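Below you'll find the structure, written out as structure tokens, and then a few comments.
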Amino acid sequence: MLKIDRYAYTNKLRCVHPAEKLAFALAMLIACLALSSRLASLLVVLFMAASAVLRAKIPALFYLKLLLVPASFLLAGVFTVALSFSKDASLFLAGVKLGGCVLGFTAAGLATALDLFLKSLGAVSCLYFLVLTTPAVEIFALLRKLRLPPLFVELMALVYRFIFVLLETAEKIYLSQSSRGGYATLKTAYFSLGQLAANLFAKSYRHSQLLFLTLSARCYTGELNVLDEPCRFSPRNLLLSILAGLTLLAAGYCAEKGAGPFAR
Amino acid sequence: MRRKKLILSALAGFVLFSFPRPALAMHIAEGFLPLGWCVFWGVLTLPFFIAGILSIGKKVKHHPELKMLLGLAGAFAFVLSALKLPSVTGSCSHPTGVGLGAVLFGPAAMSVLGSIVLIFQALLLAHGGLSTLGANTFSMAVAGPLVAYAVYRFALKLKLPFWLGVFLAAALGDLFTYLVTSLQLALAFPDPAGGMALSFLKFASIFALTQIPLAVSEGLLTVVIFNLLTVHSRRELEELLVLPGGKIS
Amino acid sequence: MPGKPILEAKEVSFRYPDGTPALKNVTLAVAEGQKTAFLGPNGAGKTTLFLHFNGLFRPERGKVYFAGREVRYDHASLLELRKNVGIVFQDPETQLFSASVWQEVSFGPLNLGLPAPEVKERVLAALSAAQVLDLKDRPTHFLSYGQKKRVAIADILAMRPRVLICDEPTAWLDTRRGKQIMDLFAGLNASGTTIVFSTHDVDLAYSWADYVFLLKDGALIGEGPPEAVLSDPRLLAAAELEKPWVAEVYEELQCKGWVAGRRPPRSKEELLALIGERGARGAELRKVK
Amino acid sequence: MPGKPILEAKEVSFRYPDGTPALKNVTLAVAEGQKTAFLGPNGAGKTTLFLHFNGLFRPERGKVYFAGREVRYDHASLLELRKNVGIVFQDPETQLFSASVWQEVSFGPLNLGLPAPEVKERVLAALSAAQVLDLKDRPTHFLSYGQKKRVAIADILAMRPRVLICDEPTAWLDTRRGKQIMDLFAGLNASGTTIVFSTHDVDLAYSWADYVFLLKDGALIGEGPPEAVLSDPRLLAAAELEKPWVAEVYEELQCKGWVAGRRPPRSKEELLALIGERGARGAELRKVK
């Protein structure tokens with residue numbers, strides 16, 4: 001069901017300390033967002049894709065498919081940014097007349113749209129590197145160390161665990177309904193889906209009560225204390241990640257200022 | 001000009017029919033907002049989030065079983081948003097759960113649960129993102145639920161039929177969420193010619209194509225769910241109302 | 001007596017969306033009118049195969065046939081298939097989703113688009129066949145596990161399928177309740193319904209089925225009448241199963257020459273009868289001597 | 001060999017919040033070090049009774065004792081009780097709350113207030129005793145049902161309880177996996193842990209338990225060593241159970257004078273050995289004659 005999750009536990013970078021991977025992804029993400037330069041964005045896309053596919057051994061085909069996930073939003077968003085509407089026809093590269101105004105694309109709009117598209121793709125690659133290499137449980141451990149409110153981290157961990165339990169239940173109910181023609185027409189489909197959701201809700205509720213009981217049997221008194229597994233930590237990797245982000249930032253900055261090897 | 005028109009309509013057609021999952025239009029994709037706006041929406045969301053944490057924390061102290069309930073509720077919200085809504089056009093889309101969550105758990109809990117669901121949508125489904133988490137949480141876990149909850153309470157006060165209250169809460173919560181999303185995009189990308197206002201109009205109308213039928217679908221589904229819940233799970237619903245502190249009519 | 005094949009799989013392979021292979025090149029045919037058991041340890045692919053027979057899963061490679069015709073996956077063909085092949089799922093907790101037993105059982109026939117009076121008549125008939133007529137106005141979530149299982153069976157009976165597939169019919173039930181369910185199936189089978197069930201209980205398959213398929217890790221590793229398949233130590237070991245105890249005890253007794261074999265007994269009752277009979281004769285012989 | 005009573009219920013009655021009576025005046029004592037089975041059909045009150053032993057439910061009337069002392073319901077006493085009496089619940093899905101096997105098992109010992117190094121050592125020991133050490137880096141949702149069951153057992157083992165209670169340990173598992181779990185329990189019992197389990201499988205209780213309690217509709221209707229309790233047709237009928245097949249076949253054989261009874265066999269292995277031995281002797285006798 002959730003392939004990203006599966007790869008997070010089976011990829012070749014699984015054993016690298018999560019803090020290092022998070023620092024790397026965030027450093028690149030911030031650099032990419034702060035720079036807004038096409039070249040930098042492209043570099044981030046390629047670099048992150050290489051890290052995921054070559055180092056973490058995520059299948060290239062799957063990675064490409066994953067890049068299409070935000071495509072619908074990106075296309076619609078980018079299209080809207082590029083589109084403009086004005087009385088001043090001279091602004092437009094292409095457009096249609098609607099009454100006294102022109103609806104179409106301006107050069108500035110298209111340029112922003114292209115920047116935006118590449119930047120977003122770069123940022124998405126950073127996110128993908130993180131989610132494909134770092135299991136959620138290790139991210140929680142990190143959040144605990146970062147002193148986020150314990151209640152919040154505990155809730156996250158519970159939600160994560162029970163997403164899988166409820167997904168399985170939902171799938172079973174769905175199969176059982178379809179095997180009896182429950183999604184044959186639009187009307188029955190609405191009714192079936194409503195029943196599925198209502199049942200899932202009732203089951204979640206009962207499940208939470210049972211869970212309280214079973215945890216109380218193990219002396220739960222209000223805190224969900226757990227011991228994090230020891231992780232190998234390499235300060236060198238952490239330093240390298242920050243360095244990579246900084247280099248990118250510096251390179252981009254030089255490019256903006258028209259100096260250095262990245263000058264436009 | 002004629003050729004350009006053709007290209008334009010082809011482009012428009014391409015965009016309109018290339019929505020494999022239109023509901024995703026609600027999540028602002030990773031990297032789409034400039035850094036400044038990411039920080040802005042994050043900071044704006046923070047007080048609501050902290051208020052939510054404090055409110056939950058207080059209740060959990062007296063009812064330790066609430067923690068398990070909230071955990072399951074969050075997972076439920078995630079699974080609900082992963083279900084496919086049946087639709088007339090044959091395209092598939094997903095419910096947001098904004099209205100259902102607001103009425104069941106109250107807006108305070110929703111700000112926390114919603115942000116958790118959004119994090120997992122980013123981590124497990126690649127919907128939304130980390131940099132846009134603040135903006136998405138604001139529209140889907142703060143603004144939407146607040147409006148949905150207000151509509152629901154108001155409808156109760158007006159003594160509207162229960163189903164109508166739920167329908168309006170879900171549909172308007174959904175619509176308001178998308179308006180906030182459009183506003184967020186418009187603020188970040190004002191139109192070079194027409195400024196912020198024109199940009200808002202552009203985003204709102206483009207997303208409206210998919211969003212209005214979706215809001216109606218979601219409203220209908222939420223009514224079906226609530227009708228079933230009030231029939232079979234009345235006791236659970238009543239116990240649950242510790243959270244929003246309300247009452248089912 | 002075995003009829004024509006009613007369900008067939010030809011070189012069916014299937015992987016779960018996450019990539020784990022669930023079925024590997026499975027080719028088999030279930031004969032109409034037979035009591036057919038699918039035996040195998042947890043995770044052997046039994047449920048996955050059943051979901052193919054009902055069109056809920058679509059094979060990645062290979063084809064599925066119902067009554068000689070290839071299964072197609074358009075809306076109308078699927079509805080027609082599901083009308084004829086009903087599945088009782090393993091866990092009634094996830095199969096039952098309606099408020100009351102009556103609503104629950106009427107769900108299927110209503111989706112078939114039948115007129116209200118016929119739905120009513122079918123629901124009544126199904127409830128009484130599954131011996132739960134007295135529960136018809138009760139809310140489903142207050143029923144005991146055994147009652148839920150029976151309602152889940154009534155769910156499918158109301159659709160009057162030609163093949164009734166049941167995933168682990170006796171799991172979780174005590175011996176007596178498990179036997180009641182199997183007796184119900186025997187009755188349905190006698191009136192013409194093909195019964196297909198999965199189990200990891202060798203004793204049940206041995207005493208009850210006409211024909212057995214052995215699955216392991218998504219592959220078919222053996223098939224045949226139970227007395228043939230379930231006495232093959234190599235096959236049993238491959239499927240991680242033990243020999244049925246009735247067969248084992250019988251062989252031991254036969255080995256000592258205490259009972260003689262026309263036909264090996266298939267159930268505890270048959271074994272005890274055989275011992276009693278032979279014993280009686282033995283005792284007589286001893287007396288005569 | 002039976003030790004002093006470690007768990008006792010004296011005239012315990014309990015009703016669920018909705019008013020259904022769940023336990024009716026139950027008085028019994030579980031001896032330390034014994035393998036104790038609670039037998040009864042679904043809904044007999046086995047689970048409810050277990051929840052009393054762990055202090056999760058408080059009797060409406062009557063008292064519960066642990067190691068001779070009355071159970072009190074203040075915070076500290078409950079913590080002490082739950083440290084000593086661990087329950088493995090029936091459905092591991094409701095017991096496992098963490099996606100990480102390691103974190104899951106560390107929860108109990110941490111609640112006991114142990115220092116981190118000792119928790120770590122206990123988690124490792126529990127995982128290896130439950131034979132799931134190799135799963136520690138896998139998330140809970142990748143595990144099979146049988147593996148989840150073992151992790152749920154490790155959860156409790158890490159608390160090192162004096163009594164391990166297990167609700168339906170073999171339910172939903174195939175024969176082999178069920179046997180593995182019971183072997184694990186036998187090992188724990190040999191090293192001193194009292195094992196209490198519920199089941200509706202008479203054969204399992206017969207072959208495995210030292211002592212059996214028979215429950216029906218919330219009342220205790222019989223107790224004693226399995227060979228006594230499970231051969232009493234009146235008791236069995238009252239509890240809606242059937243006689244273990246090993247006992248039934250043995251009696252039939254004994255009745256015919258083919259095997260002689262020092263002690264009735266308790267498992268298939270013992271029965272076959274008995275037949276083999278007697279057969280061999282019988283054959284010898286025959287030869288000698």
Side-chain angles (χ1 to χ4, degrees), chain C residues 18 20 39-44 90-91 93 142-149 168 171-179 199-203 239-243 245-246 248-259 267-269 271-283 286, chain D residues 18 20 39-44 90-91 142 144-147 168 170-179 199-203 236-237 239-246 248-259 267-269 271-283 286:
Chain C
D18 64 6
T20 357
L39 252 175
N42 298 340
Q90 180 172 322
D91 184 3
E93 301 283 356
F142 285 141
L143 305 181
S144 75
Y145 188 85
Q147 289 170 331
K148 282 182 183 159
K149 194 99 194 181
E168 298 281 355
W172 253 114
L173 295 175
D174 49 53
T175 328
R176 171 174 308 207
R177 287 187 179 77
K179 199 174 168 320
T199 183
H200 48 240
D201 180 343
V202 233
D203 299 314
E240 295 183 18
L241 295 170
E242 296 198 351
K243 190 180 264 197
W245 69 261
V246 170
E248 207 166 348
V249 170
Y250 172 75
E251 266 170 42
E252 196 71 17
L253 293 175
Q254 195 188 27
C255 181
K256 304 296 158 207
W258 293 347
V259 294
S267 64
K268 184 174 78 179
E269 288 68 31
L271 177 71
L272 291 177
L274 203 63
I275 296 175
E277 175 192 311
R278 288 287 304 174
R281 236 189 293 163
R286 239 173 286 157
Chain D
D18 64 6
T20 355
L39 252 176
N42 301 337
Q90 188 170 300
D91 182 3
F142 283 10
S144 71
Y145 186 85
Q147 289 169 331
E168 299 280 355
T170 60
W172 288 116
L173 296 175
D174 55 43
T175 326
R176 169 169 307 206
R177 289 185 179 81
K179 198 174 167 324
T199 184
H200 50 240
D201 179 341
V202 229
D203 296 314
L236 286 170
E240 294 182 21
L241 295 169
E242 295 200 350
K243 191 179 264 193
W245 69 262
V246 172
E248 206 167 351
V249 170
Y250 172 75
E251 266 170 41
E252 196 69 19
L253 293 175
Q254 196 187 28
C255 180
K256 304 297 157 203
W258 292 347
V259 294
S267 63
K268 185 175 77 178
E269 288 69 30
L271 177 71
L272 291 177
L274 203 64
I275 296 175
E277 175 193 310
R278 287 289 302 173
R281 235 191 291 164
R286 241 172 285 157

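Lettering of chains follows the sequences in order, A, B, ..., and the numbering in each one begins at 1. Keep in mind the model is a prediction, meaning the values are calculated, not measured.
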What distance separates [X] [atom1] from [Y] [atom2], expressed to the nearest 0.5 Å?
X         : Y         : atom1 : atom2 : value
Trp172(C) : Glu168(D) : CH2   : CD    : 4.5 Å
Arg176(C) : Glu240(D) : CZ    : CD    : 5.5 Å
Asp201(D) : Leu173(C) : CG    : CG    : 12.5 Å
Glu252(D) : Leu271(C) : CD    : CG    : 9.0 Å

Assess the residue pair Lys268(C) and Glu242(D) against the criterion (side chain to side chain contact (heavy atoms under 4.5 Å, CB included)); give the C-alpha distance rounded to whole Å, side-chain angles, the decisive distance to 0.1 Å, and a yes or no. CA-CA 12 Å; Lys268(C) 184 174 78 179; Glu242(D) 295 200 350; 3.7 Å; yes
Parallel, tilted or perpendicular: which one describes the rings of Trp245(C) and Trp245(D), with boundaries at 30° and 60°? parallel
For Val202(D), is it the side chain, the backbone, both, or neither that has a heavy atom closer than 4.5 Å to a heavy atom of chain C? side chain
Per-residue contact mode, Glu251(D) against chain C (heavy atom under 4.5 angstrom): neither
Among Leu241(C), Leu272(C), Thr199(C), Thr175(C), single out the residue with the greatest number of heavy-atom pairs under 4.5 Å to chain D. Leu272(C)
What are the two closest heavy atoms between Arg177(D) and Asn42(C), and how far apart are they? NH1-N, 4.1 Å
With a 4.5 Å cut-off on side-chain heavy atoms, are Leu253(C) and Ile275(D) touching? yes
